[in-house]
Structures are given as structure tokens and as C-alpha cells.
A.B. asks: 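Have a look at this one.
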Amino acid sequence: MAGRSGLWRVGAAVFVVINIAGAFYAIAMGEPMHAFTHAVLMTLGLGAYITWRAVRPLPAQAEPQISDQRLQYLQQSVDALALEVERIGEAQRFKDKLQAENPETPPQKKEQ
């Protein structure tokens, strides 16, 4: 990968140098639009290189490994939580079933 980025860096440098030389040649020949075109291309080449350097991906960091014991404990905790949620759902379904069977039962009053 380093060789590949080195080739791109050399290619960008050659592109910029050619456009600088082309701009000077166009000025010497009295062609301002031609010189302007080379100046714009040179600026684009430098801008692309600077952007590439600024946006390069950071090297990958190793992810922390969770020990088997901690992973097993986490799995047990999730299983226990799922069991409790299922019990709550079952109690809610039972309450709804009782309420559907006896709809005229008045709500209980709280004693003070």
C-alpha cells in the first residue's frame, strides 16, 4: 500500500509541475486564458493532494476482546432479563383475559 500511495504522490507532483510549466509557457506566448487554465488545473491538483492527506483513513485499532467468563455472564444476564419480560407479558395477558371474562366488575377502591 505504501508503494501505491508513493506513486500517487509522484503523479500529483508531476501533474503540478507540468501545469506550472504550462502556465509559464502560455504567459510567454501571450495566451492568458491558456495560462489561467493551467493555473486552475495546478490548484485542483494541489487541492486534491491536500484533501487526500487530510482525509486519509486512520490506522485500524484492535478491538478489545471480552473474556469468555464475562461474555458468559452477559449472556446469562440477557437470558434472565428475557425471562422476566416474558413473565410480565404473561401476567398482562392473564389480566386482559380476566377483564374480558368479567367486564362488569367494578374497579376496586383503595382503602385509606
Side-chain angles (χ1 to χ4, degrees):
M1 191 71 140
R4 193 177 233 183
S5 66
L7 286 176
W8 281 107
R9 194 174 306 153
V10 170
V14 169
F15 182 79
V16 169
V17 169
I18 287 172
N19 280 300
I20 289 173
F24 283 123
Y25 179 76
I27 290 170
M29 298 302 286
E31 300 174 348
M33 287 302 292
H34 186 185
F36 178 75
T37 303
H38 279 288
V40 168
L41 289 173
M42 177 190 61
T43 305
L44 288 175
L46 284 174
Y49 177 73
I50 291 170
T51 303
W52 174 76
R53 292 290 288 181
V55 182
R56 256 190 345 200
L58 298 174
Q61 296 178 355
E63 294 182 19
Q65 296 294 324
I66 298 176
S67 69
D68 287 339
Q69 185 179 14
R70 289 181 63 194
L71 192 59
Q72 185 178 10
Y73 177 75
L74 182 62
Q75 182 65 39
Q76 288 173 351
S77 298
V78 170
D79 290 343
L81 184 62
L83 183 62
E84 290 299 318
V85 168
E86 180 58 35
R87 287 180 183 168
I88 292 170
E90 189 175 325
Q92 183 67 39
R93 286 189 296 275
F94 181 71
K95 180 184 151 222
D96 291 343
K97 179 182 172 186
L98 288 179
Q99 216 170 22
E101 289 175 357
N102 299 324
E104 54 278 332
T105 305
Q108 297 178 354
K109 293 185 180 180
K110 294 183 181 179
E111 295 181 25
Q112 293 183 6

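Every value quoted in this text rests on a predicted model; they were computed, and no experiment measured them.
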A.B. asks: To the nearest 0.5 Å, tell me how far T37 OG1 sits from E31 CD.
C.D. replies: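 Answer for the OG1-CD pair, T37 versus E31, is 10.0 Å.
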
A.B. asks: Test of understanding: clusters of I, L, V, M, F, W, Y form through side-chain heavy atoms closer than 4.5 Å, transitively. Do V16 and F24 belong to the same one?
C.D. replies: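 Same cluster: V16 reaches F24 through Ile, Leu, Val, Met, Phe, Trp or Tyr contacts under 4.5 Å.
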
A.B. asks: Strictly below 4.0 Å, N to O, side chains only: are E101 and K95 in salt-bridge contact?
C.D. replies: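 Judged by the 4.0 Å cut-off on N to carboxylate O distance, E101 and K95 do not form a salt bridge.
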
A.B. asks: So if you build clusters from Ile, Leu, Val, Met, Phe, Trp, Tyr with side-chain heavy-atom gaps below 4.5 Å, do L41 and Y25 land together?
C.D. replies: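 No, because L41 and Y25 fall into different hydrophobic clusters, even though each may have its own neighbours under 4.5 Å.
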
A.B. asks: Is there a donor in the side chain of Q72 and an acceptor in the side chain of D68, or the other way round, less than 3.5 Å apart?
C.D. replies: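 There is no such pair between these side chains.
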
A.B. asks: Side-chain heavy atoms nearer than 4.5 Å, only ILVMFWY residues, links allowed to pass through others: does that put V17 and I50 together?
C.D. replies: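 Different clusters.
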
A.B. asks: Give a yes or no on whether V10 and I18 share a hydrophobic cluster (residues Ile, Leu, Val, Met, Phe, Trp, Tyr; joining criterion: side-chain heavy atoms under 4.5 Å apart).
C.D. replies: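 Linked, V10 and I18 end up in one cluster.
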
A.B. asks: Could you tell me the separation between the CZ atom of R93 and the CD1 atom of I88, rounded to the nearest 0.5 Å?
C.D. replies: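 With rounding to 0.5 Å, CZ (R93) is 11.5 Å from CD1 (I88).
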
A.B. asks: Specify the closest pair of heavy atoms between A35 and A23, including all atoms of both residues, with the distance to one decimal.
C.D. replies: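 Scanning both residues, the minimum pair turns out to be CB-O, 3.8 Å.
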
A.B. asks: Applying a strict under-4.5 Å side-chain criterion to I, L, V, M, F, W and Y, I'd like to know whether F15 and L46 cluster together.
C.D. replies: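 No, F15 and L46 fall in different hydrophobic clusters.
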
A.B. asks: State whether R87 and E84 are salt-bridged, where the test is any N-O pair (Lys NZ or Arg NE/NH1/NH2 against Asp/Glu carboxylate O) under 4.0 Å.
C.D. replies: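 So R87 pairs with E84 through a salt bridge.
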
A.B. asks: Given side-chain contact (heavy atoms from CB on, under 4.5 Å), test E90 with F94 step by step and report yes or no.
C.D. replies: CA-CA 6 Å; E90 189 175 325; F94 181 71; 5.8 Å; no

